[in-house]
There are 2 protein chains.
Amino acid sequence: MVAKYIQVKEAIKAWILEGRITPGEKIGSESDLMGQFNVSRHTIRQAIGELVHEDWLYTVQGGGTYCKDRRKSDTHGTMKTKTIGVMTTYISDYIFPYIIRGIESYTTENDYSLLLTSTNNNVDLEKKGLQNVMTNNIDGLIVEPTKSTYHNPNLNYYLNLERNKIPYVMINASYSELAGPSITLNDEKGGFIATEHLIKLGYTKVLGLFKTDDLQGIDRMKGYIDAHRKHHLLPFPDMVISFSTEEKGEKLQEQVRAMLTRKKENRPEAIVCYNDETALSILHVIRKLNMKVPEDLSIVGFDDSHLTEASEVQLTSVKHPKTELGRAAAEVLINLIENKNPDAGGSIVFEPELVIRNSTKPASS
Amino acid sequence: MVAKYIQVKEAIKAWILEGRITPGEKIGSESDLMGQFNVSRHTIRQAIGELVHEDWLYTVQGGGTYCKDRRKSDTHGTMKTKTIGVMTTYISDYIFPYIIRGIESYTTENDYSLLLTSTNNNVDLEKKGLQNVMTNNIDGLIVEPTKSTYHNPNLNYYLNLERNKIPYVMINASYSELAGPSITLNDEKGGFIATEHLIKLGYTKVLGLFKTDDLQGIDRMKGYIDAHRKHHLLPFPDMVISFSTEEKGEKLQEQVRAMLTRKKENRPEAIVCYNDETALSILHVIRKLNMKVPEDLSIVGFDDSHLTEASEVQLTSVKHPKTELGRAAAEVLINLIENKNPDAGGSIVFEPELVIRNSTKPASS
DNA sequence: ATAAATTTGTGCGTATGTATC
DNA sequence: GGATACATACGCACAAATTTA
């Protein structure tokens with residue numbers, strides 16, 4: 001004698017296998033089924049309960065019971081680990097603790113834990129990190145693209161995430177080849193308002209320093225050029241220096257030192273920096289040359305990090321939403337994981353603001 | 001309102017994680033559990049049913065319900081996951097990014113990744129975090145004890161880690177009941193040098209503010225008292241305020257405000273703070289009272305965090321090895337995991353240093 | 001070795017809460 | 001707001017397997 005709930009279970013499973021019920025279609029309500037099989041509600045629930053566990057059905061309270069598309073769910077990898085991976089260029093430096101705080105605030109509220117790895121903006125380390133998070137059975141991934149300007153040799157890993165139905169979101173930048181949502185700052189506008197601020201203060205020779213192996217730097221540079229165009233200025237020759245992560249130290253400092261020791265008519269009067277870290281590094285050069293900020297030179301940073309206040313002169317900087325951005329990324333990702341709002345998976349672009357401190361002053365005409 | 005069967009389920013899961021029930025051992029019968037939890041049989045069965053599905057238990061009709069050995073059933077069994085858990089009170093605040101940076105630097109060099117959770121210095125969240133890391137099959141755990149002054153209700157979880165041969169190290173403080181190695185700062189000496197600095201500057205009425213739900217605070221307070229004793233001073237009455245994590249905000253500020261508005265002969269001339277965060281909070285009070293640091297009041301912080309430079313007046317503070325400490329903890333733990341140096345598993349105590357900035361000056365006698 | 005007691009499995013009835021439509 | 005549908009929870013009865021006296 002086979003148990004009644006087993007009979008019910010097999011019958012419903014048969015409906016699905018025969019195609020009488022297709023994925024997404026609603027099966028009858030519990031009371032319907034009670035009538036059809038002439039059993040109690042308890043028995044129906046027991047059958048449905050097991051079918052839900054075995055991934056044939058899913059239920060929506062108040063809604064109904066539906067047939068699940070089993071092809072979508074990998075038979076082995078379906079168990080939720082309640083862990084999301086976070087792979088950023090850095091973890092504990094600069095603005096990253098703030099971004100991670102934002103991620104953390106939302107994930108802990110929702111009982112997820114974080115698996116952290118960093119890439120140091122190096123694609124080999126990114127590969128290692130991707131292998132790591134993928135073997136660790138995570139539910140989703142928040143990733144800051146590494147060297148986003150160039151072709152990424154790890155694209156296959158991301159495509160494999162898609163094949164395995166592991167959702168991911170990108171922050172700060174995105175690989176154009178990938179379809180996942182991204183949570184970013186409008187860097188082009190940021191570069192624009194930083195540059196326009198200096199132009200409006202009366203400067204015409206504005207030096208731009210941009211790290212161009214990340215899209216952020218490319219976009220900020222675009223904004224820098226746009227601001228010049230809008231105000232009918234052409235950037236002076238040599239007035240844009242682009243550098244890579246590997247060159248951001250002494251090499252950049254040397255180039256800037258060379259420009260600042262030119263004779264006055266060729267010397268920059270103001271500098272737009274890729275970020276606050278760059279600005280601080282340049283402030284060291286300026287100090288060694290016995291020049292003063294903002295008296296001899298106005299300078300604008302980017303990201304509004306804690307560095308703006310760590311230096312002697314407080315940096316005018318473009319605000320980066322850091323914590324807010326991290327939280328938004330976590331929110332979008334968890335929505336994707338739990339499939340609550342299918343349309344909540346869109347990209348978000350934050351708008352930048354300029355925070356004026358005392359590293360900039362009007363040009364002394 | 002959490003469903004009863006969920007509560008029962010979590011309680012039974014906790015038994016297993018705490019080691020109160022070991023693999024193969026029988027749990028109480030359904031009627032036993034009905035009595036223990038004071039719920040109906042249906043509810044017990046619902047809880048057990050899910051735990052069976054999730055592979056925590058198995059049942060034998062007529063026999064009973066038993067705890068399953070999850071290691072064997074897991075395909076990755078005893079295989080190293082190359083993941084270590086990190087459970088600190090906070091993740092992205094204050095000095096923790098620096099500690100985590102240190103941990104991270106060593107772990108990534110050795111191809112480990114980090115599973116992060118935070119406890120907010122709350123034992124319930126600590127329990128959740130412990131359950132989390134234990135179900136995630138980690139190779140080892142770095143933990144900052146929560147509320148280390150008090151008896152810890154989660155001791156069983158740590159003991160179960162030992163039973164399962166999962167090594168762990170404690171940082172910043174340690175539970176005296178546990179045998180694992182700890183990587184700490186000599187907080188007593190730190191409190192001593194901070195206080196002695198003020199005494200040597202000529203102050204006799206030195207207020208001490210210490211958070212005493214963590215051992216760090218207790219030890220720092222000990223150092224504060226020792227410094228007085230060594231210089232044949234008695235701490236003035238009321239000159240030590242101890243507070244808990246929950247009281248660190250307005251309540252503490254109110255108490256200090258009351259002391260600072262006393263008449264001059266009873267008013268403190270200098271303050272030793274539990275940490276820089278406390279110092280900053282007190283600086284707000286001082287500013288509102290229109291008093292000046294260090295002219296009217298000298299103040300010493302603790303941890304030498306970035307906050308020392310964020311405030312208007314740069315804080316004299318006791319140096320905390322942050323990054324170095326994190327790295328050392330990771331090193332000890334990985335040594336334990338890989339069993340390279342059986343004798344490398346010892347505790348480490350870092351010695352503090354005083355960093356003198358301009359929040360302290362000699363007493364104007 | 002057998003019967004009784006215990007323990008899990010199946011099944012029904014009922015009531016109330018809560019989300020969806 | 002009301003109807004519908006799933007979620008939680010209590011109670012009872014009997015069956016089947018195991019343990020124990």
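Throughout, a chain's letter reflects where its sequence line sits, starting with A, and its residues are numbered from 1. Nothing here was measured: the structure is a model prediction, and the numbers come from that model.
- Put simply, CE on A:M87 and CG on A:L130 are 3.5 Å apart, with the number rounded to the nearest 0.5 Å.
- Nearest-nucleotide assignment on DNA chain C puts the 5′-proximal partner with B:S31, out of B:S31 and A:Y5.
- Contact annotation: B:K26 does not reach the phosphate of C:dT7 (side-chain N/O to OP1 or OP2, under 4.0 Å).
- Interatomic distance, A:S113 OG to A:I138 CD1, rounded to the nearest 0.5 Å: 11.0 Å.
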Report task. Could you please spell out the steps behind the side chain to side chain donor-acceptor pair (under 3.5 Å) verdict for A:T323 and A:R101? Result -> CA-CA 6 Å; A:T323 305; A:R101 175 193 307 180; 5.0 Å; no
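- Rounded to a whole Å, the CG atom of B:D32 is 6 Å from the P atom of C:dT7.
- To the nearest angstrom, C1' of C:dT7 lies 15 Å from OH of B:Y58.
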Quick test: give all pairs of protein nitrogen or oxygen and nucleotides 18-21 of chain C nitrogen or oxygen below 3.5 Å, distance rounded to 0.1 Å.
| from | atom 1 | to | atom 2 | distance (Å) |
| --- | --- | --- | --- | --- |
| C:dT18 | O2 | A:Q61 | NE2 | 3.2 |

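- Stacking of B:K82 on the aromatic ring of B:Y112 is recorded, both the 6.0 Å distance cut-off and the 45° axial limit being met.
- Partner A:I348 forms a side chain to side chain contact (heavy atoms under 4.5 Å, CB included) with one of A:V169, A:T184, A:L325, A:I183 and no other, that one being A:I183.
- Using a 4.0 Å cut-off between charged nitrogen and carboxylate oxygen, B:K13 and B:E10 count as a salt-bridge pair.
- Applying the 4.0 Å criterion to OP1 and OP2 of C:dT7, one finds that B:T65 has every side-chain N and O outside that range.
- Between B:E54 and B:K9, at least one side-chain nitrogen of the basic residue sits less than 4.0 Å from a carboxylate oxygen of the acidic one, meeting the salt-bridge criterion.
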Tabulate atom names and distances for all N/O pairs under 3.5 angstrom spanning the protein and nucleotides 1-5 of chain C.
none

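- If you measure from atom NZ of B:K9 to atom C1' of D:dT8, you get 14 Å, rounded to the nearest angstrom.
- Interatomic distance, B:Y175 OH to B:N154 CG, rounded to the nearest 0.5 Å: 7.0 Å.
- If you take CE of B:M34 and C1' of C:dT8, they are 13 Å apart, rounded to a whole angstrom.
- Contacts between residues 35-53 of chain A and DNA chain D, defined by a heavy-atom separation below 4.0 Å, involve A:R41, A:R45, listed by number.
- Contact check for A:L178 versus A:L159: side-chain heavy atoms found under the 4.5 Å cut-off.
- Rounding to whole angstrom units, CD of residue B:Q7 and C1' of D:dA9 are separated by 13 Å.
- Applying side-chain hydrogen bond (donor to acceptor under 3.5 Å, both in side chains) to A:T146 and the options A:N152, A:T88, A:T119 leaves one that passes, A:T119.
- In this model, the phosphate group of D:dA5 is not approached by any side-chain N or O of A:T59 to a distance below 4.0 Å at OP1 or OP2.
- Considering every non-hydrogen atom in both A:N172 and A:E144, the closest pair reads ND2-OE2, 2.9 Å.
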